[in-house]
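Report on the following structure.
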Amino acid sequence: MSEPSGQDKQDAVEAAPFIAELAAYFDAPMDPGNAGRFDIELNLLGRAESDELTTALQDLGLMRAYGGVVLDDGNTSDHHVYLTRGPFAGAILFLCHDGEASSVVFASLAEFLDAARQAREHDAWLTDFHPSTTPLHRDQAALGSYLHALLDSDNEDDEAVVESAILSLAPVDMGLLTRLTAHRNFFYAEAVAGQIALYPTAALRPIAQLCSEHPTPQVRWAGDSAMAAIDQSG
């Protein structure tokens, strides 16, 4: 068996506190109200069930890159996933199966469990308590560096990771936004246009213009929306 690489050792050290948090979570008694509520898509998993489903999803680039561990199975094929490494370590990603981009929805296990509590109390779907927009990452410089590194490596297996990360990106780094908009994966440009529409400033007009002139129709539509948001911001 080969020795772990230096990067593998560093990844293990950085992941250790989050793996410990997850172990404590699974060791604690589960609130029985958080399981079996398929009517509101609320079904948190114990350790054994989580391990089984996490293993089944290990081929997904998002799961590998972020060290994802599945927390629930509401019988929808969508899952809340705890992340143990990368720029979102300690946060909860909503892993979507229907073509929607997966994104980080909660900054911590505590926020996730609070959403589960609210779902029970209001007899409403757990997803109703996701934030209305994806929260921006707390360290934009670190997220930008992470995205630049992924773009440099240009690995197709990481494209879903890039798409998910863009949704937590504040659109301020013009160099990064230009790289994302020009990428062969047009979903990057569409996501960038979406972020500009959410956080419009006059300085972003050149990027929005690039999106509005993109050869792919859905990017052009997103770019038009970004341009309109900039005009309305004023």
Side-chain angles (χ1 to χ4, degrees), residues 1-31 34-35 43-74 78-96 101-117 126 130-131 134-153 155 157-170 176:
M1 181 180 296
S2 61
E3 287 292 319
S5 68
Q7 184 61 53
D8 288 340
K9 291 178 180 178
Q10 180 180 345
D11 288 346
V13 169
E14 292 176 353
F18 304 104
I19 291 172
E21 179 181 48
L22 198 59
Y25 165 76
F26 282 124
D27 285 342
M30 180 186 290
D31 185 331
N34 283 338
N43 182 46
L44 305 196
L45 304 176
R47 188 193 303 271
E49 295 169 306
S50 170
D51 286 348
E52 181 178 357
L53 193 47
T54 297
T55 299
L57 295 175
Q58 276 306 298
D59 285 342
L60 297 179
L62 280 168
M63 293 289 287
R64 294 196 307 272
Y66 288 148
V69 177
V70 180
L71 296 178
D72 70 341
D73 184 7
D78 295 332
H79 306 284
H80 290 88
V81 176
Y82 182 89
L83 308 181
T84 64
R85 61 174 176 261
F88 300 102
I92 311 299
L93 177 129
F94 190 55
L95 185 66
C96 297
S102 301
S103 64
V104 170
V105 290
F106 301 115
S108 66
L109 267 173
E111 287 188 9
F112 171 63
L113 292 173
D114 187 60
R117 176 189 59 77
L126 176 55
H130 286 181
T134 302
L136 296 179
H137 193 272
R138 63 186 178 276
D139 187 341
Q140 287 291 314
L143 181 58
S145 295
Y146 183 76
L147 281 166
H148 274 299
L150 290 177
L151 292 171
D152 289 343
S153 67
N155 186 339
D157 290 342
D158 291 331
E159 291 189 1
V161 180
V162 174
E163 290 175 42
S164 72
I166 293 171
L167 299 180
S168 295
L169 183 68
L176 176 57

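The chain is numbered in sequence order, starting from 1. No hydrogens, no waters, no symmetry mates; every other heavy atom, side chains included, goes into these values.
Qualifying salt bridge (Lys or Arg N to Asp or Glu O under 4.0 Å) partners for Glu159, counting only residues two or more places apart in sequence or in other chains: Arg184. Take Asp114 and apply the salt bridge (Lys or Arg N to Asp or Glu O under 4.0 Å) test, not counting sequence neighbours, and it matches Arg117. Partners of Ala160 according to the side-chain contact (heavy atoms from CB on, under 4.5 Å) rule, which considers only residues two or more places apart in sequence or in another chain, are Leu62. Under the side chain to side chain donor-acceptor pair (under 3.5 Å) criterion, Glu49 pairs with no residue, sequence neighbours left out.
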Please set out all donor-acceptor pairs under 3.5 angstrom arising from side-chain atoms of residues 63-73, sequence neighbours excluded.
residue : atom : partner : partner atom : Å
Arg64   : NH1  : Asp59   : O            : 2.5
Tyr66   : OH   : Ser164  : OG           : 3.0
Asp72   : OD1  : His80   : N            : 2.6
Asp72   : OD2  : His80   : ND1          : 2.8
Asp73   : OD1  : Asn75   : N            : 3.3

All N/O donor-acceptor pairs, side-chain side in residues 138-145, below 3.5 Å, sequence neighbours left out:
residue : atom : partner : partner atom : Å
Asp139  : OD1  : Ala141  : N            : 3.3
Asp139  : OD1  : Ala142  : N            : 3.1
Gln140  : OE1  : Ala170  : N            : 2.8
Gln140  : NE2  : His137  : O            : 3.1
Gln140  : NE2  : Ser168  : O            : 3.0
Ser145  : OG   : Ala141  : O            : 3.1

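Between Ile92 and Tyr82 the shortest side-chain heavy-atom distance falls below 4.5 Å. For the pair Leu44 and Tyr25, the minimum side-chain heavy-atom distance is below 4.5 Å. Between Leu176 and Leu151, some side-chain heavy-atom pair lies under the 4.5 Å cut-off. No side-chain heavy atom of Val104 sits less than 4.5 Å from a side-chain heavy atom of Pro135. In this structure the side chain of Leu147 reaches within 4.5 angstrom of the side chain of Val162, judged on heavy atoms.
Between His79 and Leu53, the shortest heavy-atom distance links the atoms CE1-CD2, 3.5 Å. In this structure, Ala116 and Asn34 approach most closely via the heavy-atom pair CB-OD1, 3.8 Å. Minimum heavy-atom separation, Ala101 to Leu167: CB-CD1, 3.8 Å. The shortest heavy-atom contact between Asp78 and Phe94 is CB-CZ, 3.5 Å.
Put simply, the side chain of Ser102 gets close to the backbone of Cys96: a donor and an acceptor are under 3.5 Å apart.
With rounding to the nearest 0.5 Å, the separation of OG in Ser50 from CG in Leu22 is 6.5 Å. One finds the CG atom of Asp31 at 9.0 Å from the CG atom of Leu113 (value rounded to the nearest 0.5 Å).
For Phe106 and His130, the distance between ring centers is under 6.0 angstrom.
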